[in-house]
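Below is one structure, written out as structure tokens, with a few remarks after it.
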Amino acid sequence: MKLSVEKLRSDYLKELTNISEQKPSECMQCAKCSAGCPVTRAMDLLPHQVLRYLQLGMYDKVFQSKTIWICASCFTCASRCPRDVDLTKLMEGLRVLALREKGGNKLRPEELPVDMLKEAPQQAFVSSFRKYSK
Ligand code: SF4
Ligand code: SF4
């Protein structure tokens, strides 16, 4: 049982590192990210606490929290970090992992309204398909 939990943790870490190109182990827990984050009032875990749980391999705590969905991808934390940890990319990677865990395709090209295809920026489509489709 212990082995499978360890494997699960290393799989998550590998996948998160692949998606975000960031290493949670680089964080030194100075909390400058949390001090600058504009939306901590709505979070149940502070940004540096998310990093700590990742370092401890406690992904369940992170996935149960609403913090990764509250994050506004504003890059403030990334610009303040003295260790060059890009927490914005990690948050994005965690959202992708959480959605993949839930399984299934949430977004199909054939279901998109034609008007939206004409008007919305292409970057929005690429980002949405990365998040919501397998
Ligand atoms: S600012 Fe960087 S080093 Fe400091 S706690 Fe946040 S992620 Fe970790
Ligand atoms: S990117 Fe997310 S976690 Fe970082 S400062 Fe902005 S809202 Fe907070």
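All values reported here derive from a predicted model rather than from experimental measurement. We number each residue from 1, following the sequence as shown. Ligands are counted one by one from 1 in listed order, and the atoms in each one are counted from 1 as well. Because only heavy atoms are used, hydrogens play no part in the values below, and waters and symmetry mates are left out as well, while side chains stay in.
Put simply, no part of Arg80 is less than 4.0 Å from ligand 1, judged by heavy atoms.
Counting heavy-atom neighbours within 6.0 Å of Gln29 CD, excluding the residue itself, gives a total above 12.
Atom numbering of ligand 1 starts at 1 in the shown order; those under 4.0 Å from a heavy atom of Cys81 are 1 (S), 2 (Fe), 3 (S), 7 (S). In summary, the atoms of ligand 1 found under 4.0 Å from a heavy atom of Gln29, numbered by their order in the structure, are 5 (S), 8 (Fe). Residue Met28 approaches ligand 1 through these ligand atoms, each under 4.0 Å from one of its heavy atoms: 3 (S), 8 (Fe). The contact set between ligand 1 and His48, taken as ligand atoms under 4.0 Å from a residue heavy atom, comprises 5 (S). Taking a cut-off of under 4.0 Å to the non-hydrogen atoms of Ala31, the atoms of ligand 1 that pass are 4 (Fe), 5 (S).
By the criterion of a heavy-atom distance under 4.0 Å, the backbone of Ser73, and not its side chain, is placed next to ligand 2.
For Phe63, the ring pair (Phe, Tyr, Trp, His ring centres under 6.0 Å) partners at least two apart in sequence or on another chain are Tyr12.
For atom 8 (Fe) of ligand 2, the count of nearby protein N/O/S atoms, taking only those under 2.8 Å, is 1.
Cys81 is not listed as a side-chain neighbour of Asp86, based on a closest heavy-atom distance of 4.5 Å or more. Put simply, the side chain of Leu94 does not reach to within 4.5 Å of the side chain of Thr67, judged on heavy atoms. You'll find the side chain of Leu56 reaches within 4.5 Å of the side chain of Arg52, heavy atoms only.
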